[in-house]
2 protein chains.
Amino acid sequence: MRPNDLAEIRLLPLFSGMQQDCYDRLMLAAYVQNFPKGLTMIRQGDPADFLFILLEGQVELFASWDGHETTMAVLRPMGTFILAATIRDAPYLMSARTLERSRIMMIPSTNLRAIFQEDSAFAMAIIHELAGCYRAVVRHTKGLKLRTSRERIAAYLLRQAHLAGDLRSYFLPVEKRLLASYLGMTAENLSRALKSLEDDGLKVDGSRVILTDPEKLGLVAKLDVLIDGG
Amino acid sequence: MRPNDLAEIRLLPLFSGMQQDCYDRLMLAAYVQNFPKGLTMIRQGDPADFLFILLEGQVELFASWDGHETTMAVLRPMGTFILAATIRDAPYLMSARTLERSRIMMIPSTNLRAIFQEDSAFAMAIIHELAGCYRAVVRHTKGLKLRTSRERIAAYLLRQAHLAGDLRSYFLPVEKRLLASYLGMTAENLSRALKSLEDDGLKVDGSRVILTDPEKLGLVAKLDVLIDGG
DNA sequence: CCTGACACTTGATTTTTGTCAAGGGAATTG
DNA sequence: CAATTCCCTTGACAAAAATCAAGTGTCAGG
């Protein structure tokens, strides 16, 4: 573990309010590991032995059933994942793999569960974090059920533009096939829909996104804070 | 509030571990209300001023966007809803309406937030509950993204049969149009799919469901604990 | 530099799903 | 008891999306 890892992790909302000795004991049991690109480090159905914290790199959460796969989320540093399974001591509902070489901290679930019973500030932070995760999935599900493919794409691209600093041009943070899966469609469908959105103020060249007419695209997306976030 | 309400609520997982005085203070601020059938008591976007507990009746959680509506969940006693919004002091992501005459307890969010900071057993229970809610939405979303309409229907009906005590025949707990919305399809689509499932061991007559060949239906549904629950 | 793997696109086609319209039937209401 | 409302079903049609297949281009590795 690198010396300034501890300092950075300490600042995460999940840990920043903890008592020092609880934090120290939690970190004593933790360790950091490097994973190469494309490695599946969590398989759905496995017992949730660890809480994971992404320090560097990029991770995909995905789910499988009957030979099919779908992307549930893409994570970037710094953030935790699969907190809920850890807490309920239940099997993971999702698998996780690295999209690029990643540095990841692993905290044994037993230690986690023991320590949040002692440290009420930590417990509060977990409550807050879990409530946020819950709301994120609900928003995503609302989008899937209420919007068409084109609308989901338009909303996603406008949202990314906003996150990138309200730019009119930026690069896609993930591969298109992954984006398609995340948005609940096939890669072919995404490809065609992107083309059809050229009539609505969008231009995509490779992974470069250009909002030629953000307002017009907005009429397609109909952004909503209760789906797309604040 | 009825005298034995308090006793019953006390037994809910969320409250059973609480210190008595915290519980008392929480309940002092709470009140019970009767709602007629079909009344929307929560609108998405409104501030989350209350935690709701369904004592009697039936409640639908639904979401709207651009003139469309979709059913997110159907609740039965005894259970809480919209805990996450309450905790984050954020707007409701979903609306709620009664499907039948219902008796509902309302606990002011401010009291809730104050008291779970004092009572660590209550905090633990909230963590557990939230983690469970999170996993429930994830499972539902997995079903929506990975299964076809027919598969979702088959899985739902087998699951209900199991919940009803592994019966080969039972009555649908909700109207078909609601079920269709919950499963992410139109009522027409559900109607046709049910008919097509007659070749796969299912018979539906009005709201009566008959599993003529559960094993065959199981081949369509391909039940999975990581989607359908245990 | 060649090669293979892989991401992406495109076309053709099928399947699935949604939409619109109409009608039956059960339950509720006046 | 009649009238109405609402749920459900069905048919015809349109739209959306998935599938299959082929071809292009990029990139990493030999």
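Letters go in sequence order (proteins before strands), and every chain restarts at 1. Predicted model, so just to flag it, every value in this text is computed and none were measured.
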Contacts under 3.5 angstrom, residues 33-51 of chain A side chains, donor-acceptor by atom type, not counting sequence neighbours:
| unit_1 | atom_1 | unit_2 | atom_2 | d |
| --- | --- | --- | --- | --- |
| A/Q44 | OE1 | A/S64 | N | 2.9 |
| A/Q44 | NE2 | A/S64 | O | 2.8 |

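The distance between atom NZ of A/K37 and atom P of C/dC6, rounded to the nearest whole Å, is 11 Å. Straight-line distance from the CG atom of B/L144 to the P atom of C/dT17: 12 Å, rounded to whole Å. Between the CG atom of A/L178 and the C1' atom of C/dC6 there is a distance of 14 Å, given to the nearest Å. The distance from atom CZ of B/R150 to atom C1' of C/dG18 is 18 Å, rounded to the nearest whole Å. Per the geometry, NZ belonging to A/K176 stands 15 Å off C1' belonging to C/dC6, to the nearest Å. Per the geometry, CG belonging to A/D205 stands 13 Å off P belonging to C/dC8, to the nearest Å. Put simply, CG on A/L146 is 17 Å from P on D/dA16, counting in whole angstrom units. Rounded to an integer number of Å, the gap from B/L190 CG to C/dT19 P is 15 Å.
Contacts of A/D213 classified as salt bridge (Lys or Arg N to Asp or Glu O under 4.0 Å), with partners at least two apart in sequence or in another chain: none. Scanning for ring-ring contact (aromatic ring centres under 6.0 Å, His included) contacts around B/Y156 gives an empty result, with sequence neighbours left out. For A/R97, the side chain to side chain donor-acceptor pair (under 3.5 Å) test picks out A/E60, A/E69, with sequence neighbours left out.
When distances run from any side-chain atom of B/T148 to the nucleotides C/dT9, D/dC8, C/dT17, the shortest one goes to C/dT17. When the nucleotides D/dT10, C/dA7, C/dT9 are ranked by their closest atom to the side chain of A/R177, C/dA7 comes out on top.
For the helix from C/dC1-D/dG30 to C/dG30-D/dC1, the angle separating the two terminal helix axes comes to 40°, with each axis derived from five pairs and the value rounded to 10°.
Neither OP1 nor OP2 of C/dT9 sits under 4.0 Å from any side-chain N or O of A/K195.
Using the six-membered ring where Trp is involved, B/H140 and B/Y182 have ring planes that are parallel, under 30° apart on the 30 and 60° scheme.
The shortest side-chain heavy-atom distance between B/M94 and A/L226 does not fall under the 4.5 Å cut-off.
A donor-acceptor pair is defined here as one N or O able to donate and one able to accept, closer than 3.5 Å; such a pair exists between the side chain of B/R88 and the backbone of A/H128.
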Task: Sequence-aligned protein contact record of nucleotides 18-30 of chain D, with B where the base is within under 4.0 Å of a protein heavy atom and S where only the sugar-phosphate is - done: SBB----------
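Interatomic distance, A/L55 CG to A/E8 CD, rounded to the nearest 0.5 Å: 7.5 Å.
Classification of B/R150 and B/D200 as a salt-bridged pair holds, one side-chain N sitting under 4.0 Å from a carboxylate O.
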